[in-house]
Amino acid sequence: MMQGFDFNQVVDRHGSWCTQWDFVADRFGVADLLPFTISDMDFATAPCIIEALQQRLTHGVFGYSRWQHDDFLSAIQHWMRSRFATDVAAESLVYGPSVIYMVAQLLRHWTQPGDEVLIHTPAYDAFYHTINGNQRRVLELPLQRHGSEWLCDMAQLETLLARPRCKVMLLCSPHNPTGKVWREEELRQMAALCEKHGVKVVSDEIHMDMVLSDAQHTPWSQVAQSDWALFTSASKSFNIPALTGAWGIIPDERDRQAWFHALKQQDGLSSPAVMALAATIAAYRDGAPWLDALRTHLRGNMQHIAGRMNTAFPQLNWQPPAATYLAWIDLNPLGIDEQVLQQRLIHQHKVAIMPGSTYGAASRGYLRLNAGCPRSKLDDGLDRLIAALKSF
């Protein structure tokens, strides 16, 4: 409890058509599991957002809306300036229904079927689906783990960028699922290599507000050299993904016009969800105190996971991630088979935690545990996970 925000209050999400709780059987085959899965949080959103939504609701008319107005654009500019010391030109901003939709749309614009899109692995599973689903090819660059840090092999990166069909690097910054916050010098190295080999960059920065360590998030706009776009949303930070809505920066005017043409003429998407606009404006104007309190709670949750897991299994020596509320836990030191563990977690301990292989075959033996929840739920989940691991 801090600044009047109570992140340990339990909100019953059952019956709210909620993916994590009500539809856990879709992925895990069993209903009524305690879920630590898809990356949304179990917290009510910021009071300033609820108030803004209530005001808009009271108006009562929900006709077609627009996002290209100063209320929305200046809220984004304010947020980027105050949180990341980054100036954003209003004319460079674009809007879309979700970050992944926006990524897919730009991949279709910048690449042809059969072209390669480079991603750092382990990778958010939607990256694989989006690239493959659009008949492009995934080019995997495994991050190298050194202790609790994940590093990009720049020589290997250059080898892949030099491939004739490698057209786009799809960056996840901060990185899901490892929680890596890219250092500015790493980003500058990657930007220079992309420029050298004529590779465009799409930077997914949906976790930009979720840095829990002393590290600083550097938006791609501060280091970019070749053609680029940055996509993000208030949805992750303020737990409002069900409202839909995301935004981005496409600095090149021709690329931006092609974007708008595809959005409106090809896909028929022109009117944004008005509740998403109201929520985003409120978040970026008035939500900073709530977000900072949330990050303190999440940091405490991550330290709690480390304390409990390392006490039970000292050989893990698990360290909290620098960013995201997703605990990326390497269980390989325990020598436990991932599939057998999943069966025990699901059927004996009634808990759903994402298996590492979801994010690439090389991550078998990891777990991705969503820590965006009250401490009581986290402890219940850790009780079940530790019991399952001790049953081997």
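Fair warning: this is a prediction, and the values are worked out from it, not measured in the lab. For reference, positions follow the sequence shown, starting with 1.
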Keeping the roles fixed (side chain from [X], backbone from [Y]), state whether a donor-acceptor pair exists under 3.5 Å.
X: Asp40; Y: Asn239; answer: no
X: His69; Y: Arg66; answer: yes
X: Asn301; Y: Leu378; answer: no
X: Asp286; Y: Cys48; answer: no
X: Asp22; Y: Val24; answer: no
X: Ser213; Y: Ala215; answer: yes
X: Arg295; Y: Val211; answer: yes
X: Asp153; Y: Ala155; answer: yes
X: Arg56; Y: Val61; answer: yes
X: Gln319; Y: Ser148; answer: no

Less than 3.5 Å apart, any donor N or O on the side chain of [X] or [Y] sitting next to an acceptor on the other?
X: Arg375; Y: Asn8; answer: no
X: Ser391; Y: Arg344; answer: yes
X: Gln105; Y: Asp267; answer: yes
X: Thr130; Y: Arg136; answer: no
X: Trp228; Y: Asp252; answer: no

**OP:** Could you name each residue pair satisfying side chain to side chain donor-acceptor pair (under 3.5 Å) that touches residues 79-93, not counting sequence neighbours?
**Re:** Trp79-Asp209, Arg81-Asp87, Arg83-Asp292, Thr86-Gln222
Is [Y] paired with [X] through a side-chain N to carboxylate O contact shorter than 4.0 Å?
X: Arg188; Y: Glu184; value: yes
X: Arg308; Y: Asp379; value: yes
X: Asp115; Y: Lys167; value: no
X: Asp125; Y: Arg27; value: yes
X: Glu116; Y: Arg137; value: no
X: Lys377; Y: Asp42; value: yes
X: Glu158; Y: Lys196; value: yes

**OP:** Not counting sequence neighbours, which residues clear ring-ring contact (aromatic ring centres under 6.0 Å, His included) with His14? List them please.
**Re:** Trp21
Original post:
Per the ring pair (Phe, Tyr, Trp, His ring centres under 6.0 Å) rule, which among Trp318, Trp328, Tyr359 passes with Tyr366?
Top reply: Trp328
Give a yes or no on whether [X] atom [atom1] has more than 12 heavy-atom contacts from other residues, nucleotides or ligands under 6.0 Å away.
X: Asn332; atom1: CG; answer: yes
X: Glu253; atom1: CD; answer: no
X: Arg285; atom1: CZ; answer: yes

Original post:
For the atom pair NE2 (His120) and CD (Gln144), what is the distance rounded to the nearest 0.5 Å?
Top reply: 10.5 Å
**OP:** Would you give the length of the straight line joining atom CG of Leu161 to atom CD of Gln156, rounded to the nearest 0.5 angstrom?
**Re:** 11.0 Å
So do [Y] and [X] actually touch side chain to side chain, heavy atoms under 4.5 Å?
X: Arg163; Y: Leu118; result: no
X: Leu294; Y: Met210; result: yes
X: Ile336; Y: Val340; result: no

Subject >> Criterion salt bridge (charged side-chain N to carboxylate O under 4.0 Å, His left out) on Lys180 and Glu186, from CA distance to verdict >> reply: CA-CA 12 Å; Lys180 172 182 175 63; Glu186 291 179 299; 2.9 Å; yes
**OP:** Tell me, with the steps shown, if Arg145 and Asp330 meet salt bridge (charged side-chain N to carboxylate O under 4.0 Å, His left out).
**Re:** CA-CA 11 Å; Arg145 185 171 155 207; Asp330 182 6; 2.6 Å; yes
Subject >> Partners meeting side chain to side chain donor-acceptor pair (under 3.5 Å) with Glu140 (sequence neighbours left out) >> reply: none
**OP:** Mind telling me whether Phe72 and Tyr95 have parallel, tilted or perpendicular rings, with 30° and 60° as the class edges?
**Re:** perpendicular
Original post:
With under 30° as parallel and over 60° as perpendicular, where do the rings of Phe238 and Trp290 fit, or are they tilted in between?
Top reply: parallel
Subject >> Stepwise ring pair (Phe, Tyr, Trp, His ring centres under 6.0 Å) check, Phe84 with Trp220 >> reply: CA-CA 11 Å; Phe84 305 107; Trp220 185 259; over 10 Å; no
Subject >> Lys236 charged N/C atom sitting above Tyr325 aromatic ring, 6.0 Å / 45° >> reply: no
Original post:
Leu171 and Val181: same hydrophobic cluster, using ILVMFWY side-chain contacts below 4.5 Å?
Top reply: no
